[in-house]
Amino acid sequence: MRDGSPGPPAGVRLLGRQIRHEIDAMLREPMMVFFVVVFPLLFFVIVTTITGNAIIEERSGVRVAQSLLPAMVAFGLVMGGFSNLAIMLTQAREDGVLKRLRGTPLSPAVMIGARVAAGATASFVAVVLLGVVGVLLYDVRIVWRTLPAALLTLVAGVCCFSALGLAVAAVAPTTQAASALTNGIVLPVSFVSDIFTVGESKLPAWMDAIGWFFPLRHVAHALVDASDPSGSGPGLYPGHLAVIVVWGLVGAAVAVRRLGPEPGGRSPGRRNHHRAGRGSDALPRRRAGRPSVPVLLLHEVRHSNAALWRDPASAFFTVAFPALLVLLIPELYGRHVLLPDGTPLPRFYAPTMAIYGAAVTTYITMPEGLVRARERGVLERLVGTPLPIGLLLIGRVLSSMWISFVTFVTVMVLAGVVFGVPVPPDWPVAVAAVLAASGCYAVFGLVLVSFLSSSRAVTAAALGTLLPLSFVCEVFVVGLDLPPLLDTIGWLTPLRHAALAASEAYSVGGIGPVHALGHLGVLLAWTLPSIAVVVWRVRVGDLTRRPR
């Protein structure tokens, strides 16, 4: 330093600069920010609002918010320290960043440490936001007596999940595989770890036993118990901490043994070379002569289908995740519970989850792939080729509708095998609802693509609207008395009408033609003006032009 005073060591300064860089990089990934910071807060606010922050324990007066907030804190920790770290580190390795560090002053250990610190920072931000909103808006009480123990649990949880995230990055060969692996672990484990349970909901014995095996349940329960104002003692639970520490040591051991600049000793350049020419946005190969319109359309549909199945993360969220929810949600709320009309709970949730899967496929996955193609200039290069932009868009929409239908069949077959859900006489109405919903939300996705300039913005906007509406439209919850404003919003959106048409078609009483046409009519009323917007944006070039 110029004044001669001793400054921090060079390694510390390098680590500080790298932490700032990693935080900036994380902010440029909206899905990371959404699931680490926004989703826990959003879920907390929506559930607390829907339930009216009711008292769930009469003796102590504990309300929903008091119990739900620490569970959401645990979810933020696992997303920030486990999923976020694993995906970002795998991406760095796949791009050759770890390999190039060998010739720079920045060692891989410093970069990994910076990424761990960035994930911990995101988790800390989520904790602070949840705490501020809970205290100011929902009468959450801070138990000062147990605050040191709660902070110790938070630190142990961050270290444990970060070590497990490094372990996943050590074994996942690609970023897509890391994303599918982390999400395929976190979401089911969250269900069996009491993260999404509210009030008197209880897990079956076998799911409860599985939950106690994983560290997330122990982090959540330690925080929930420490947040109980009616408790006594310092709130320190050695049993929970012991399981958390053991899992962290196992993850660290795997990471130290397996983590390196390349997965399995293969050269990233050679791996990318083999993938060249068959990227997710490569145009279909053309034979001699000008192909007909049906042939072009068929090729585009087949190409789009193949691109989705080659992406494990997209395949998980569009097909596997709705099927997983069909298995988990009825078990969580009781597979033998009957709705007021006598419909068993699995028979309601199966078609509803198929509608949710259709919305994810058409409103998130399809637009994200399309805007990435635009960012790489694929859409602009269509000029002068036999494939016009209009035909490409129709092919992408038809492909997403086909995947939605595949999801519907997968979900209903699974529900029939596991829960005995029958095929009702009104099943064509459910199919029509899935196809109408997928077409409607595909057009919504094209509208987002035409107005937003980047894939990050499109993904953030789609997630930020679909997930809240899924709660408001009774996709994830049923039988609750929503506040009038939320109930009105639900009735105005096509998602509720699609879910009602599909679920009523599978209900015990079935659905009449008037109700079916009414729901489908609302979907059509939303779709037609949206198509007009897309056509207009295509004509002025705002859908195909890359942002400068």
Side-chain angles (χ1 to χ4, degrees), residues 23 26-27 29-51 53 63-87 118-140 142 150-151 153-155 157-158 160-162 164-165 182-183 185-199 201 211 214-224 226-227 317 321 325 328 332 459-460 462-472 476-477:
I23 292 175
M26 187 186 304
L27 293 175
E29 293 293 337
M31 288 193 68
M32 301 292 183
V33 176
F34 181 85
F35 279 108
V36 176
V37 180
V38 179
F39 179 77
L41 180 62
L42 191 63
F43 185 87
F44 172 74
V45 171
I46 290 176
V47 172
T48 307
T49 302
I50 290 175
T51 60
N53 199 18
R63 296 183 177 273
V64 168
Q66 190 78 31
S67 176
L68 184 61
L69 188 142
M72 288 298 99
V73 167
F75 185 77
L77 293 182
V78 73
M79 293 302 297
F82 179 67
S83 298
N84 174 54
L85 179 62
I87 294 171
T121 302
S123 300
F124 177 75
V125 170
V127 171
V128 172
L129 286 177
L130 281 165
V132 170
V133 172
V135 170
L136 295 181
L137 300 182
Y138 298 102
D139 196 28
V140 172
I142 297 178
L151 293 176
T153 302
L154 289 175
V155 173
V158 168
C160 172
F161 295 139
S162 298
L164 293 173
T182 54
N183 290 309
I185 293 173
V186 168
L187 294 173
V189 170
S190 296
F191 273 95
V192 300
S193 298
D194 293 334
I195 298 298
F196 301 126
T197 56
V198 179
S201 301
F214 294 101
L216 182 58
R217 164 74 75 88
H218 294 272
V219 173
H221 274 251
L223 293 175
V224 169
S227 302
F317 279 108
F321 186 52
L325 290 177
L328 292 175
L332 180 63
T459 303
L463 281 171
T465 51
L466 180 61
L467 287 178
L469 286 176
S470 296
F471 287 95
V472 174
F476 293 143
V477 293

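The closest donor-acceptor contact from the side chain of Ser67 to the backbone of Val64 lies at 3.5 Å or more, if one exists at all.
Taking CZ of Phe214 as the start and SG of Cys160 as the end, the distance is 12.0 Å to the nearest 0.5 Å. From Ser193, atom OG reaches atom NE2 of His218 across 8.5 Å, with rounding to the nearest 0.5 Å. Here OG1 of Thr465 is found 8.0 Å from CG of Leu463. Values are rounded to the nearest 0.5 Å. Here CD1 of Ile46 is found 8.0 Å from CG of Leu467. Values are rounded to the nearest 0.5 Å. For the atom pair CG (Leu85) and OG1 (Thr182), the distance works out to 10.5 Å, reported to the nearest 0.5 Å.
Looking only at side-chain heavy atoms (C-beta outward), Phe317 and Leu187 come within less than 4.5 Å of each other. Considering only heavy atoms from C-beta on, Ile195 comes within 4.5 Å of Met72 through its side chain. The closest side-chain heavy-atom distance from Val73 to Ser227 is not below 4.5 Å. Two residues are said to be in side-chain contact when any heavy atoms from C-beta on lie closer than 4.5 Å; Leu154 and Leu223 meet this criterion. The shortest distance between side-chain heavy atoms of Phe161 and Pro215 falls below 4.5 Å.
When all heavy atoms are compared, the tightest approach of Leu41 to Leu130 is CA-CD2, 3.7 Å. Ala65 and Tyr138 make their closest contact through CB-CB, 3.7 Å (heavy atoms, listed as atom of the first residue, atom of the second, distance). The shortest heavy-atom contact between Val219 and Ala74 is CG1-CB, 4.0 Å. Shown here for Leu42 and Pro468, the closest heavy-atom pair between the two residues is CD2-CG, 3.4 Å. The two residues Pro40 and Phe75 have their closest heavy-atom pair at CG-CD2, 3.9 Å. When every heavy atom of Ala71 is checked against every heavy atom of Val224, the shortest pair comes out as N-CG2, 4.3 Å.
Under the side chain to side chain contact (heavy atoms under 4.5 Å, CB included) test applied with Leu216, the options Val78, Val192, Asp194 reduce to a single match, Val78.
Evaluation of the ring-ring contact (aromatic ring centres under 6.0 Å, His included) rule for Phe471 yields Phe43, Phe476 as partners, not counting sequence neighbours.
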Name each donor-acceptor pair under 3.5 Å that joins a side chain in residues 118-127 to protein atoms two or more places apart or in another chain, with its distance.
{"unit_1": "Thr121", "atom_1": "OG1", "unit_2": "Ala117", "atom_2": "O", "d": "2.8"}
{"unit_1": "Ser123", "atom_1": "OG", "unit_2": "Gly76", "atom_2": "O", "d": "3.4"}
{"unit_1": "Ser123", "atom_1": "OG", "unit_2": "Gly119", "atom_2": "O", "d": "3.1"}

